[in-house]
Peer 1: 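Dropping a structure here in structure tokens format, bear with me for questions.
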Amino acid sequence: MTTPIALIDCNSYYVSCERAFDASLKDVPVVVLSNNDGCVIARSAESKALGIKMGDPIHHLRDMVRRHGIRVLSSNYTLYGDMQRRVIAACEAFARDFEIYSIDETFLDLAGFEDRDLVAHAQAMRNQVQQWTTIPTCVGIAGTKTLAKLANRAAKTDPRFGGVADLRDDAVRRKVMDVIEVGDVWGVGRATATKLLDLDIRTAAALRDMPMKQARAVGTVVLERLVAELRGEAANAVEAIEPQRKGMAVTRSFGTPVTRFDHLMGALTEYAMRAGEKLRAHGLVAGRLTAFFHTNRHRPDRPQYAASRAVTLHPMTADSLKLIAAARRGAERAWRDGYAFTKAGVILENLVASELRPRTLFEEPDDRRARLMSALDEINGRFGKWSAVTASQGFKREWKLRADSRSPAWTTRLSDLPLVKT
DNA sequence: TCTGGGGTCCTAGGACCC
DNA sequence: TCTGGGGTCCTAGGACCC
């Protein structure tokens, strides 16, 4: 008997976070936009009912927004990240091991809780989260992570489950798998779904029943593992310990296209600064930096150019000024005149915990530089992101993105605290 | 006019080296 | 007529996830 796994998933998470602090958003259609106010990344139930899809560009929806009075918000990741900590805190007592899978989903290893009524257990957890954060959730319970995902989907889409679906029961599991489309299974994307449909494999149940050999032929070991999980054989454990991350990136689309090298460098400088902050916040150093930029891929009628150049960081470093220098070297090598660039970024790889980094022969301890970096982090942490910047970054940001309708930092900035009038 | 950002894993060809 | 093999790094791109 495998230990039961639960997946708790917040409903319309970003919208629910916004609603926690703005009562006027209740019961009306709401959407939250991606960075740069480009496309829809979260929808309230009312917006879903209007037919708005995940990823819809907002400029295609302007009419609809006017007609239905849809409330449109820029995304506020500081708020969503802070709310996530509160959601996890509310779940703490309900399992011993957690894997925080994404900003709104957490797997729970329910080992040690098997003798309880797990549906009642999950309902109590939902209530706790609702009480502490106002965020509505759904919970799926099953023997493997992939099945817990399916269970969660069932809990979310079929009101008869009352918010908690337990797929450990054979009959319930079969019924659910018969109706879930193959493309809605976790790990089956568009390309794989097309291949499976060609083989007349249309449901989660059909995927479960396909021959293992065929699964490997269609989608390598990845699909093979997925099929095993659908059969109840755990191929993925709940990973309570966060694995060492392999890379990190800071990338942005530009509000206005960039045609000049110095403007591109202004943006890359900013991203390299930010990447350094992220490295230092995680206590890491990087061994490799890649700078990239490209033109608008949605306009094939215009001249296209995409390039990326990697620079080895030797010695490994988290020093923003060294990252900026490396980004410049990469960008200079890749630059071509005559194009309008719409996106750029900095990717850091070969990450190692700072204290474990290999020392080089000629490396001298540079305390002053380290102190400068922590001073920078402190100033920008206390007074806001653009208080201290490098000269090449500059205060004028021609490429900067749009975020016209961002909600206040309700939970993390004192001046944005909501006021209660009595 | 206007189409996100941040991840992981995998594949493949070319350059380069021994 | 008649191609070396194997390793690593770089760049590019596909597929998937949230």
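Below, read A as the first sequence line, B as the second, and so on, with proteins coming before strands; counting in each chain starts at 1.
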Peer 1: Report the residues that fulfil side-chain hydrogen bond (donor to acceptor under 3.5 Å, both in side chains) with A/Ser16, sequence neighbours left out, ordered by chain and then residue number.
Peer 2: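 A/Ser16 satisfies side-chain hydrogen bond (donor to acceptor under 3.5 Å, both in side chains) with no residue once adjacent residues are dropped.
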
Peer 1: Below 4.0 angstrom from OP1 or OP2 of B/dC9, is there any side-chain N or O of A/Lys246?
Peer 2: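 So the side chain of A/Lys246 is within the cut-off, an N or O lying under 4.0 Å from OP1 or OP2 of B/dC9.
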
Peer 1: Using a cut-off of less than 4.0 Å, is there contact between a side-chain N or O of A/Thr312 and OP1 or OP2 of C/dC10?
Peer 2: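 Answer yes for this pair, as a side-chain N or O of A/Thr312 is under 4.0 Å from OP1 or OP2.
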
Peer 1: I want to check one thing: is the phosphate of B/dT3, taken as OP1 and OP2, less than 4.0 Å away from some side-chain N or O of A/Arg299?
Peer 2: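 No, no such contact exists.
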
Peer 1: Apply side-chain hydrogen bond (donor to acceptor under 3.5 Å, both in side chains) to A/Arg160 and list each qualifying residue two or more places apart in sequence or on a separate chain.
Peer 2: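 In terms of side-chain hydrogen bond (donor to acceptor under 3.5 Å, both in side chains), with neighbours along the sequence ignored, A/Arg160 is linked to A/Asp158.
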
Peer 1: Side-chain N or O of A/Arg190 versus OP1/OP2 of C/dC16: is the shortest distance under 4.0 Å?
Peer 2: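 So the side-chain polar atoms of A/Arg190 never come under 4.0 Å of the phosphate oxygens OP1 or OP2 of C/dC16.
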
Peer 1: Can you list the residues that meet the side-chain hydrogen bond (donor to acceptor under 3.5 Å, both in side chains) rule with A/Tyr13, with sequence neighbours excluded?
Peer 2: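 Scan of A/Tyr13 (side-chain hydrogen bond (donor to acceptor under 3.5 Å, both in side chains), adjacent residues dropped) gives none.
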
Peer 1: Among all residues two or more places apart in sequence or in another chain, which pass the side-chain hydrogen bond (donor to acceptor under 3.5 Å, both in side chains) test with A/Thr295?
Peer 2: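 Checked A/Thr295 against side-chain hydrogen bond (donor to acceptor under 3.5 Å, both in side chains); matches are A/Gln304.
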
Peer 1: Base, sugar-phosphate, or nothing: which does A/Arg62 touch, judged by heavy atoms less than 4.0 Å apart?
Peer 2: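 Result for A/Arg62 = nothing.
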
Peer 1: Could you work out, with salt bridge (Lys or Arg N to Asp or Glu O under 4.0 Å) as the rule, every residue matching A/Asp27, not counting sequence neighbours?
Peer 2: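 With neighbours one apart ignored, the set is empty.
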
Peer 1: Taking only residues at least two apart or on different chains, which pairs with a member in residues 280-292 of chain A satisfy side-chain hydrogen bond (donor to acceptor under 3.5 Å, both in side chains)?
Peer 2: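 Every pair satisfying side-chain hydrogen bond (donor to acceptor under 3.5 Å, both in side chains) with a residue in residues 280-292 of chain A: A/Arg245-A/His282, A/Arg280-A/Ser320, A/Arg280-A/Asp377, A/Arg288-A/Glu349.
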
Peer 1: Nearest of B/dG6, B/dG4, B/dC2 to any side-chain atom of A/His298?
Peer 2: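 Closest nucleotide to the A/His298 side chain: B/dG4.
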
Peer 1: Both distances under 3.5 Å, Watson-Crick or G-U wobble: on that basis, could you give the dot-bracket string for DNA chain B, with [ ] for crossing pairs and | for other-strand partners?
Peer 2: ....||||||||||||||

Peer 1: Closer than 4.0 angstrom, basic N to acidic O: yes or no for A/Arg66 and A/Asp63?
Peer 2: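 The answer is yes: the pair qualifies as a salt bridge.
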
Peer 1: Look at the side-chain N and O atoms of A/Ser34 and state whether any lies under 4.0 Å from the OP1 or OP2 oxygen of B/dG5.
Peer 2: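 So the side chain of A/Ser34 is outside the cut-off, no N or O lying under 4.0 Å from OP1 or OP2 of B/dG5.
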
Peer 1: Scan A/Gly247 against the nucleic acid and name what it touches under 4.0 Å (heavy atoms): base, sugar-phosphate only, or nothing.
Peer 2: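 Sugar-phosphate, backbone atoms only, no base.
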
Peer 1: Would you call A/Lys145 and A/Glu99 a salt bridge, using N to O less than 4.0 angstrom?
Peer 2: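 A/Glu99 and A/Lys145: salt-bridged.
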
Peer 1: Go through B/dG5, B/dT3, B/dC2 for me and flag the one nearest to the A/Cys39 side chain.
Peer 2: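 Minimum distance to the A/Cys39 side chain belongs to B/dT3.
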
Peer 1: In chain order, what residues pass the side-chain contact (heavy atoms from CB on, under 4.5 Å) check against A/Leu356, with sequence neighbours excluded?
Peer 2: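 Checked A/Leu356 against side-chain contact (heavy atoms from CB on, under 4.5 Å); matches are A/Val352, A/Ala353.
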
Peer 1: Can you find a side-chain donor-acceptor pair between A/Glu18 and A/Tyr80 that sits under 3.5 Å?
Peer 2: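 A/Glu18 vs A/Tyr80: donor-acceptor pair found between side chains.
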
Peer 1: Does a side-chain N or O from A/Thr192 land closer than 4.0 Å to OP1 or OP2 of C/dC16, or not?
Peer 2: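 Checking A/Thr192 against C/dC16: at least one side-chain N or O falls below 4.0 Å of OP1 or OP2.
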
Peer 1: Measuring from the side chain of A/Lys149 (C-beta onward, heavy atoms only), which nucleotide among C/dC16, B/dT3, C/dC18 has the closest atom?
Peer 2: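 Of all the options, the side chain of A/Lys149 is nearest to C/dC18.
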
Peer 1: Assign each of A/Ala249 and A/Tyr77 to its nearest nucleotide of DNA chain B by heavy atoms, then name whichever residue's nucleotide is nearer the 5' end.
Peer 2: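 Mapping each residue to its closest nucleotide by heavy atoms, the 5'-most match is A/Tyr77.
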
Peer 1: Starting at CH2 of A/Trp186 and ending at C1' of B/dG7, how long is that distance when rounded to a whole Å?
Peer 2: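 Atom CH2 in A/Trp186 sits about 14 Å away from atom C1' in B/dG7.
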
Peer 1: Between residues 41-58 of chain A and DNA chain B, which residues have a heavy-atom gap below 4.0 Å?
Peer 2: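 By residue number: A/Ile41, A/Pro57.
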
Peer 1: To the nearest angstrom, how far is A/Leu196 atom CG from C/dC16 atom C1'?
Peer 2: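 So the two atoms are 14 Å apart, to the nearest Å.
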
Peer 1: If you check every side-chain atom of A/Arg245, which of B/dG5, C/dC16, B/dG7 has the closest atom?
Peer 2: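 Nucleotide nearest to A/Arg245's side chain: B/dG7.
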
Peer 1: Tell me: CG of A/Leu313 to P of C/dC10, nearest whole Å?
Peer 2: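 Result: 11 Å.
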
Peer 1: Choosing from B/dG6, B/dG5, C/dC17, which nucleotide comes nearest the side chain of A/Tyr101?
Peer 2: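 The listed nucleotide nearest to A/Tyr101's side chain is C/dC17.
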
Peer 1: Just how far, in rounded Å, is P of B/dC2 from CE of A/Met64?
Peer 2: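 Going from CE in A/Met64 over to P in B/dC2 covers 22 Å.
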
Peer 1: Tell me what A/Val222 touches on the nucleic acid: a base, only sugar-phosphate, or nothing, going by heavy atoms under 4.0 Å.
Peer 2: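 It contacts nothing in the nucleic acid.
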
Peer 1: Distance check, P atoms only: C/dG4 and B/dA15, in whole angstrom units.
Peer 2: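 My reading of the P atoms in C/dG4 and B/dA15 gives 15 Å.
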
Peer 1: Distance check needed: B/dG5 C1' versus A/Asp104 CG, whole Å only.
Peer 2: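 Nearest whole value for this atom pair: 15 Å.
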
Peer 1: Quiz question: by atom type and distance under 3.5 Å, do the side chains of A/Thr317 and A/Asp319 form a donor-acceptor pair?
Peer 2: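 No, no side-chain donor-acceptor contact under 3.5 Å.
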
Peer 1: Would you check if there is a donor-acceptor pair between the side chains of A/Ser102 and A/Asp104 at a distance under 3.5 Å?
Peer 2: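 Yes, side-chain donor-acceptor contact under 3.5 Å.
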
Peer 1: So what does A/Lys195 hit on the nucleic acid, given a heavy-atom distance under 4.0 Å: a base, only sugar-phosphate, or nothing?
Peer 2: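 No contact at all - A/Lys195 keeps every heavy atom at 4.0 Å or more from the nucleic acid.
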
Peer 1: Without decimals, in angstroms, what is the distance between A/Arg225 CZ and B/dC10 C1'?
Peer 2: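 Distance check: A/Arg225 CZ to B/dC10 C1' gives 12 Å.
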
Peer 1: Write down the distance between CD1 (A/Ile103) and C1' (B/dG7), rounded to a whole number of angstrom.
Peer 2: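 My rounded result for the distance is 13 Å.
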
Peer 1: Which donor-acceptor pairs under 3.5 Å do the side chains of residues 87-98 of chain A make with protein atoms, sequence neighbours left out?
Peer 2:
none

Peer 1: List the residues meeting side-chain contact (heavy atoms from CB on, under 4.5 Å) with A/Arg85, not counting sequence neighbours, and say none if there are none.
Peer 2: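 For A/Arg85, the residues satisfying side-chain contact (heavy atoms from CB on, under 4.5 Å) (neighbours in sequence not counted) are A/Asp82.
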
Peer 1: For A/Phe292 and B/dG5, what is the distance between atoms CZ and P respectively, to the nearest whole Å?
Peer 2: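 After rounding, the gap between these two atoms is 9 Å.
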
Peer 1: For nucleotides 11-14 of chain C, list the nitrogen or oxygen atoms of the protein found under 3.5 Å from its nitrogen or oxygen atoms, one pair per line.
Peer 2:
unit_1	atom_1	unit_2	atom_2	d
C/dT11	OP2	A/Ala310	N	3.1
C/dA12	OP2	A/Ser308	N	3.0
C/dA12	OP2	A/Ser308	O	3.3
C/dA12	OP2	A/Ser308	OG	2.9

Peer 1: Would you mind telling me which residue lines up with the more 5' stretch of DNA chain B, A/Asn296 or A/Met248, judged by nearest nucleotide?
Peer 2: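 Upstream on the strand: A/Asn296.
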
Peer 1: Between A/Lys343 and B/dG5, is there a contact of a side-chain N or O with OP1 or OP2 at under 4.0 Å?
Peer 2: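 It does, given that an N or O in the side chain of A/Lys343 lies less than 4.0 Å from OP1 or OP2 of B/dG5.
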
Peer 1: The side chain of A/Ser253 is closest to which nucleotide in this list: B/dT3, B/dG5, B/dG7?
Peer 2: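 Output: B/dG5.
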
